[in-house]
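For reference, the structure is listed below as structure tokens.
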Amino acid sequence: MRRLWPLLLVPLLPLLAACDADVPARATAQRIETRAQLIGGPKALGQIGDYLLENDRIRVIVHGPGISRANTLYGGTIIDADLQRPGASGGRGNDQLGELLPSFNLEIMNPVTVRITSDGADGGPAVITVEGKAADLLQMVATLSKGLLFSPELQLKEELRLRPGANYVEIVTSITNTAQAEHPLPFLDPPELQDLFGTEIPDIENIEFSVPVGHLLIFGGENQAFTPGIAGFNVKYAIEDTYATASGFPAFPGMVAEYLATRSRGISYGFMTLASPNNYPTAYRHLYEPRQEVTEHSLLLPYVYSAITGVYTTNPPPQLAPGETFAWTSYFIIGRGDVASVVDVMHELRETPTGIFAGRLVDARDQAPVAGAMIMVLDPAGRVVNQLDSDDNGAFLGHLAPGSYLYRIVTHVRDTTPSTSFKIEAGRTTSILAELDPPARIAVQVVDELGREVPSKVSLIGRYQAQDQGKDPRTFLYDLRLGERPRSTTMDPDRNEFIEASWYLHDGTLNAEVRPGSYDLAVMRGVEYDLHEEPVMLAPGAFVSRRVVLRRAFETPGYVTADLHLHSANSMDSSVTLGERVTSIAAEGIEFAASTDHNFITDYQQPIAELGLSPWLTATVGIELTSLEMGHFNAYPLRLDPGSVRGGTFNWVGETPDSMFRQLRALGFGRDRTLVQVNHPRDGVQGYFSQFNLAADSGEVEARSGLRAIFAPYKPEFAPENFSYDFDVLEILNAKRMDLIHHYRVPDPLPPGEYPEPPPVPGEILRDAAGKVAFPGQVEDWFTFLSRGAVYTAVGNSDSHETFGDEPGWPRNFVWVGEGKDQAGAYTPDDVVAGIKAGRVVASYGPMIDLTVEGQPLGSLVSTGGSAEVAVRVTSASFAPVDTLILYVNGEVAREIPIPSARAHDFSTEVTLPLDRDAFIVAEATGRSGNLFPILPPQEFEPLNVDKVINALSAGFDLTGLSPAGDLKPERIGIVYPLAITNPIFCDRDGNGRFDAPRPSLPRRPSAKRAEPDVRATFEGLVE
Amino acid sequence: MKTAVAILMLLAGPAGAHTFPGERQVVVQAEASTLAVLITFRPPSGLFSDVLELDARFSLGGTRLVKTVLAARALAVLAMRLDGTPLVTSDAQVKLVEDPPDSGRRLVAVLLTAEVPPGAHKLELDVASPVEPTATLWLDRSGGRIADYGPRPAGVPFQDRGRLVLEWR
């Protein structure tokens, strides 16, 4: 009977079909009242009270008004978007959008109202209207932005229209001049801007400005951005490449493209416009061409910064009359996962005649379908114009404009196929059947000395041709335009290795397809195990298996390794699932992890249990409270609120540091059990110290001057007195940012170039004209605090957002948890917190340092008298040799001890250090000649930074006043070398039973009294 | 009757284009010797609000009935006990306002006051399965009298159903 019951439905099928056919497609707009209306997915942030726009094809959620719980500042923005999917109601969808919001030059909208202006009941489009005033996205550029737009006189509005049957949202954005006078755009001319700045900007009087408007798109980390033409999937670097040839104002720098799309798992997004007389790139065509092709529906992409893609589409009129409104229209498209499904919709909107390009991919050996391959479509000049995915049957289909094309097929386990030409005719189908060479297959079992299958990492190391050494690997090893996977190289002129592929194994077993070739099999497990390498030959269609025993390099009794700064897909800019994240952490030998997603409280416990990783990994719940320009702050352990879309309730917009620290402790267990950690404090706009202009020598906030004062945050929360020292932990090592560790020193010899007088002295710390450290190091900041009696525990964390190339566990911390307790299950998060609070932590890119003074460990207060007996042992695995040991006393180098190569992995010494007062002693071990490749590949390419954008923006006039020392600046790319630094041991020389800091205490101001809310005052304020 | 239905339809028509869920916020303010509870309630759009609006416009009593009905509904899901017995209030005030101003959307605010004599006391406030989204939080203006609390620290709301516990020292 069980098998027969579906037959009972058969008579009903015509009825059901008829029902379906009879119900007209509808679009609706509604306020979300139940969780069943939510979309869900890796980046979903919608909640009850937001607005849902949906039709028979797609669903979109618009954030209600007020402070944003998404990525920027305010609501009224599109925060979730998905296709309609069977069974996806109640939050089981696949949203991978971060946010989409309008951008008026450099301003965004702070909505006053979000309204349903048409609910779609009439069968027409459903419309949600957002109205508001302009607001600074970044306070740092507010002065310039105000000068160009002068937003106080403008009313901003955005209508989000969804038609029945459409796979796109039509976005009508407008600005209205509410003043009684004409409103010029730009509002101020260059001399007036100079007056506004109040400072001399050379050559600015000759500049003509423009005020582009458009949108900001924040794609979830799962998305690969794509534009046709010069970029393909290489959007980020292609934009940077255009800076080099930027003509300067009035044309904003950036890349011109016909559309912007993404590719991801099961969903893709697109953004485009139709032909318009107000098209921005067209208005300045002469400044973009001939280097870039401009059409009447081009977009300008000026930057991709921290997952935010700026897209300017429109050039508003030179002035708005009183009451005049200027509007423009854009389209946000939702596709099925590949670029082609977005472009198909674009063709419909632009009414482009098309033909069909379809086909099937099979494996040449067994004719099995090849799923998940990318079919890259190129024009005859070799520029990438479209991309299609093959489905589970190896099939693909998309629409192309008539013309001649080439296709290439990209999979990660085969060589990309050569170009094959084909033609498309309007209304006709062109089909192909492609046979692909088979990949090889490798199986690996990884065990430890006890025979246990251990979480570990496996890589295949290839070698490229010797004649390619010294070249940019993007030009010969892989093609980012085609979406090929980057393959890290050594960045060493004498070594031509590259990493073909890597895997993190949660159970020590690997069974995977690989691109055929001759490789070294590299197996590793973090810093405490030696690297295993052996050659393997992987022929097409061949199967190779290996069993590898990993050997422990050194013991760390009483310590566990901890990474206290980790991201997963709950962060907007990460694609790593929770399962992938905990696997990668355990495989890197990390024993304790704090989940710290951007503005999201995450718990790793469930994936740890599901993957059987409990014997290897313990985790605690945490967060990285992420402001746009005040810095990033971790807190752990926290409570998780399962009823909250972000795991808890918090706010950073407009808040002072004290307020944020207070909120973080309230999310956890109070000051005693929850730690607040300042992350990457010198990392430019993301750095707390940088943004408050903390002076490295004094540890105090100082006023800025000149251009640096203009391009700085200005609102009350940034007042110098609001800087707070009330945190517990300071991240001095972060990711592969070797440039942020110590003060930047002038290269020796000084590179050729123009330098201000007096010229910088090679080997010395670089200082600006005012004598301030030009590029402060986080270690020296920490020393300044310690020397002024402010004791923070220093840590090093990976800040890993992805896996390979952005590995977790590098750097990491050895944290004391207690004798005999360093096994999973034997210690608790509270033990780790206690170890951190006690300062028994070594931050490390590989080596371990055992430092004692008079036999006492890290964090101790030791009664020493006039000298301190210091004992140091440095141990490291085979891949992390050290060559130098530095002992610091009160932040100054007291001894620099060379380590002979024969003892590079196990070095011990005892030193007597004279003390003339109370002191703190810190040890640092480095191996600058080492290269952690392939355990940890180098930072090969520089992520886009503000300097580059400013340089591009300033083509034609002089903004060098923003740069403290001309062309001299730290190198942000390079190898990662072994390095470890201890926390201090405090020496009580005068025997008074405490550590007396050598410098005066930091100014500890009383906490600013918050204006506490009062319900009685609120009630009194209500007017009947 | 036909006229009333016609008026109702006229009112309901435009309102149907702007649907709003109801919402309720409960703020318990611990004070040195008293306790203030502010409940704000916004009814959902729909027939209920339309009937109330109709009454407010056309009945002789003006907004009195609307105020009473909304205040009753604002309090309907709440139960408060001080030291295990139902809370006795010393004062209760109700206001009916348009929020945002001139929006036509009604919001009722109820301010309750109760005495909290010196010494240890325990307040329990239960929110029972509200239909409308409900946020409940507490504020501490007690001058250090709050010894313990649950489930959230001061100023941090919990949503919908739950129990707030405050203990005075």
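Letters A, B, ... mirror the listed sequences (proteins, then strands); counts begin at 1. All values below were derived from every heavy atom in this structure, side-chain atoms included, with hydrogens, water molecules and symmetry-related copies excluded.
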- Item | Residue-level interface, residues 110-120 of chain B with chain A, non-hydrogen cut-off under 4.5 Å | B:V110, B:L111, B:T113

- B:V94 versus chain A, the contacting section by heavy-atom distance below 4.5 Å: backbone

- Proximity breakdown for B:Q93 and chain A, heavy-atom pairs closer than 4.5 Å: both

So how far is it from [X] [atom1] to [Y] [atom2], rounded to the nearest 0.5 Å?
| X | Y | atom1 | atom2 | result |
| --- | --- | --- | --- | --- |
| B:T40 | A:L1022 | OG1 | CG | 8.5 Å |
| B:R141 | A:R1016 | CZ | CZ | 10.0 Å |
| A:I48 | B:D160 | CD1 | CG | 6.5 Å |

- Heavy atoms from other residues, nucleotides or ligands near CZ of B:R169 exceed 12 (cutoff 6.0 Å): yes

- Query: Near A:R35 CZ, under 6.0 Å, is it more than 12 heavy atoms from other residues, nucleotides or ligands?
  - Reply: no

- Message: How close do A:D1014 and B:Q29 get, counting heavy atoms only, and between which atoms?
- Response: OD1-NE2, 2.9 Å

- Taking all non-hydrogen atoms of both residues into account, name the closest pair between B:L38 and A:F1019 and its distance. CD1-CD1, 3.6 Å

- Task: Taking side chain to side chain donor-acceptor pair (under 3.5 Å) as the test, write out the residues that go with A:E655, two or more places apart.
- Result: A:N651, A:S659

- Residue part contacting chain B, namely of A:V1015, when any heavy atom lies under 4.5 Å: both

- Query: Heavy-atom distance under 4.5 Å to chain B: side chain of A:A121, backbone, both or neither?
  - Reply: neither

- Message: With chain B as the partner, which of A:T1018, A:D641, A:T34 has the greatest number of non-hydrogen pairs under 4.5 Å?
- Response: A:D641

- Sequence neighbours excluded, which residues qualify as ring-ring contact (aromatic ring centres under 6.0 Å, His included) partners of A:F633? A:F661, A:Y688

- For A:D603, enumerate each residue passing the side chain to side chain contact (heavy atoms under 4.5 Å, CB included) test, keeping only those at least two apart in sequence or located in another chain. A:Q605, A:V621, A:L640

